[in-house]
Amino acid sequence: MVEEIPMAVAAAGGWPTTWWRGAAAAAVVAWLALHVAARVADALWWRPRRLEAHFAAQGVRGPPYRFLLGSVREMVGLMAEASSKPMSPPTSHNALPRVLAFYHYWRKIYGASVDEHGSIAPALDCLSLFRPTFLIWFGPTPRLTVAEPELVREIFLTRADAFDRYEAHPVVRQLEGDGLVSLHGDKWALHRRVLTDAFYPDNLNRLVPHVGRSVAALAEKWRGMAAAAAGSGGEVEVEVDVAEWFQAVTEEAITRATFGRSYHDGRAVFALQGRLMAYASEAFRKVLVPGYRFLPTKKNWQSWKLDREIRRSLTRLIARRSHEAEEEEKAGDGDSAGGGFRDLLGAMINAGGGERKKPPTTAAAIPVEDMLEECKTFFFAGKQTTTNLLTWATVLLAMHPEWQERARREVLHVCGPDELPSKEHLPKLKTLGMIINETLRLYPPAVATIRRAKADVRLSDGCLIPRDTELLVPIMAIHHDARFWGPDAAQFNPARFAGGAATAAKHPLAFVPFGAGARMCIGQNLARLEAKLTMAVLLQRFEMRASPNYVHAPTVLMLLYPQYGAPVIFRPRSSQPSDPAAAS
Ligand code: HEM
C-alpha cells in the first residue's frame, strides 16, 4: 500500500500540489457547508425567533414557533379534534369553533384582551387595536391572523398595492389553474379588464333561461324519484344529497358562461376537467408527501394523460373560435358569441383585435396557453364554490321552515307556480336575496383568504409588518363576530339583511364572502344568479325538510363542506308545474 502512494502522487502531479489542492477543496466544501447550514438555521430557526420577538414587541403574541413545523402540528391536531364530533346542539350555527378550530382556540388565548363590554383593554400597543390579531406559523412562515374590518379595509382596499395574493401550493395551483386567481401585475390587470364585461348582470341575464331549465330538469328527476318511491309503497317524497346533485347545475352554468355557443364542445372539455380535479383532490390529500405529484403512480399517469387531452381539445376549440371570429369580422358581424351573449372564451379571443389575424398559437393579447389556464380557473373557482352556496342555502331552508315558507310565498307571488323565473323576476325576490346573504354570512364557501406583504409595510396605525409575512383573513370569523353582528351573530336571521348587505353589520367590511377591492370575486353576480334561480325553482316545486340522516358538521377542505354530505327530503308540492322543456 505504502509503495502505491508515490505513484498516485506522481500521477496527480506531486505531493505538495495535491495536498494543497485537497486542503483548499476541503476548506471550500467546509465553508460552503457552514454557509448553507447557517442559512438553513437562520431560515428555520433564527429568523422565526427574530420575527417572534419583533411581533411580541408590538404586543402581538401567538403559539410558540416550533422548528420547521411552526404551528402546523398543533393546528392539524385542533382541526382533527374539532371535526371528530358533529355540531352540538345539532341545529346550532355556531360553526366557527368546528370549522376554524385553531383560530377559535388561539384567539381566546392570544387575541388582544377585550373586556366583557367589548372595549379594548387600556395601555395596549398599536396592533392590539386590531383585535383579535395574533401570530401563527405555517412552517417557518409567519402568518398574522387579521379579523378586524378596519385592517381588512387596509389590506384589500387602501393599501392593496403592498400585498400580493398568496402563492398556493403547486397541487392547489394544478387544480385552480394559472388564471386570474393566481395572476399578478400587468397580466392580471389585462385578464381582469378583458373578462369583466362578461360578468356584468346584463350579460349574465342571458343565461337565466338555460340555468333555469337545468334546475327544472333536476327537479323533474327528483319528482320522478319521489313518484317511484310512492309506487313502491313509500311516501311521495325523495331524499337526495344536494351537495352531489347541485354540481350538475353549477357545471352547466359555468360551462355556458365560459364557452357560450361552443357549449357542447366545452361541456366535453369540462367533463374531462371534472375527472382531473377528482385526481388532483386526491393528490391534495397527500400534499404532505413531498414530490408525490411527480411519482409515476397509476393515478398520476392518468391525470397527466387527462391534462394533455384537455389541452388538445381546448386548443382545437380556441383555434376554431378564432377562425370563426375572423370570418365574422370580415363579414362585419361583431356578435361573436351568438345570441348576444358574451362568453369568457370569446372575450379572451376577441381581446386580440387585429392580432387575431395571426394563427391562434402565436402572440395575441392573451396567448392560447393563458386562455387554457383561465378556462381551468373558471371551472375551479366557479363550480365548487357555487355548489357549496346552493348546498348550504338548501340545508338552511330545510332547517328553518318559517323562512322557507316566507320565501316560497314571495316566489309564488312574483313568479307564479308554473313559470320558470325570468331575469325580470330575480331582482324582485328580496326575501330570497336576504336568505342567500345570510347563508353566505354563516357558511361562507371561502372561509379565509391569505395575502403576503410584498415589502415591509407600515400600516396607518404605525405597526410594522415585515416583508413576506402572510396575513390570514378569516372571513368566517369576521362573519360570526358578535361585535359587528350583535348577540344573535350565530343565529340564522336573514332579516338582518333587509336594508341591504352594506348596512347589515356595524361595519361594511364585516361582510366579505366574495372578498373586497380590486381582487374581489369576478364571478359573484353569476353565483348569486344561480343561487336565486335554483332556490326559486325548488321552492315552487317542493317542500324541503332536513333528513334524519343529515349530520350537521360543516368542515373545511379548501372550501366549506358538509362533512357527511347534505341529504335533504323533497316532497313535491301538489300544484306542481310540469315543464315539458325541463323534462326534455
Ligand atoms: C358562492 C360562490 C363564490 C364565492 C363564495 C367566491 C369567493 C371568492 C373570493 C372570497 C374571492 C377573493 C379571494 C381573495 O381575495 O383572495 C374570489 C375570487 C375569484 N373568484 Fe370567486 N367565488 C364564488 C364564485 C365564483 C364564480 C361563479 C366564479 C366564476 C368564474 C368565480 C371566479 C373567481 C375568480 C376568477 C377570482 C379571482 C379574481 C381576481 O383575483 O381578480 N368565483 N372568489
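For ligands, and for the atoms within them, numbers begin at 1 and follow the listed sequence. All values derive from a computational prediction rather than experimental measurement. In this chain, numbering begins with 1 at the start of the sequence shown.
Evaluated by nearest non-hydrogen atom to atom 25 (C) of ligand 1, the leading choice among Ala198, Ala381, Ala527 is Ala381. Looking at Ala189, Ser182, Gly382, it is Gly382 that brings a heavy atom closest to atom 29 (C) of ligand 1. Nearest-residue assignment for atom 16 (O) of ligand 1 (options Thr377, Thr258, Thr449; heavy-atom criterion): Thr449. When the heavy-atom distances from atom 41 (O) of ligand 1 to Arg519, Arg192, Arg165 are ranked, the shortest goes to Arg192.
Taking the charged nitrogens against the carboxylate oxygens, Arg452 and Asp468 do have a contact shorter than 4.0 Å, which makes a salt bridge.
Not less than 6.0 angstrom separates the ring centroid of His104 from the ring centroid of Phe102. For Phe484 and Phe511, the ring centers sit 6.0 Å or farther from each other. The ring of Trp106 has its center no closer than 6.0 angstrom to the ring center of Phe134. In this structure, Phe156 has its ring center no closer than 6.0 Å to that of Phe163.
Distance from atom 36 (C) of ligand 1 to its nearest protein heavy atom, with residue and atom name: Val181 CG2, 3.7 Å. In terms of protein heavy atoms, atom 18 (C) of ligand 1 is closest to Cys521 CA, 3.4 Å. For atom 6 (C) of ligand 1, the closest non-hydrogen atom on the protein side is Phe514 CD2, 3.7 Å.
Of the N and O atoms on the side chains of Glu252 and His210, not one donor lies less than 3.5 Å from an acceptor on the other residue. Remark: the Ser83 side chain and the Thr555 side chain contain no N/O donor-acceptor pair separated by less than 3.5 Å. Between the side chains of His93 and Tyr443, at least one donor N or O lies within less than 3.5 Å of an accepting N or O. In this model, a donor atom of one side chain and an acceptor atom of the other lie less than 3.5 Å apart for His507 and Glu150.
Under a 4.0 Å criterion applied to the non-hydrogen atoms of Phe199, ligand 1 contributes the atoms 30 (C). For ligand 1 and Pro513, the ligand atoms under 4.0 Å from any heavy atom of the residue are 5 (C), 7 (C), 10 (C). For ligand 1, the atoms lying closer than 4.0 Å to a non-hydrogen atom of Leu389 are 1 (C). Residue Trp188 approaches ligand 1 through these ligand atoms, each under 4.0 Å from one of its heavy atoms: 39 (C), 40 (O), 41 (O). Using a 4.0 Å cut-off to heavy atoms of Leu180, the atoms of ligand 1 that qualify are 35 (C), 40 (O), 41 (O). Of all atoms in ligand 1, listed by their number and element, those nearer than 4.0 Å to a heavy atom of Gly515 are 10 (C). Proximity to Arg451 (heavy-atom distance under 4.0 Å) selects the following atoms of ligand 1: 14 (C), 15 (O), 16 (O).
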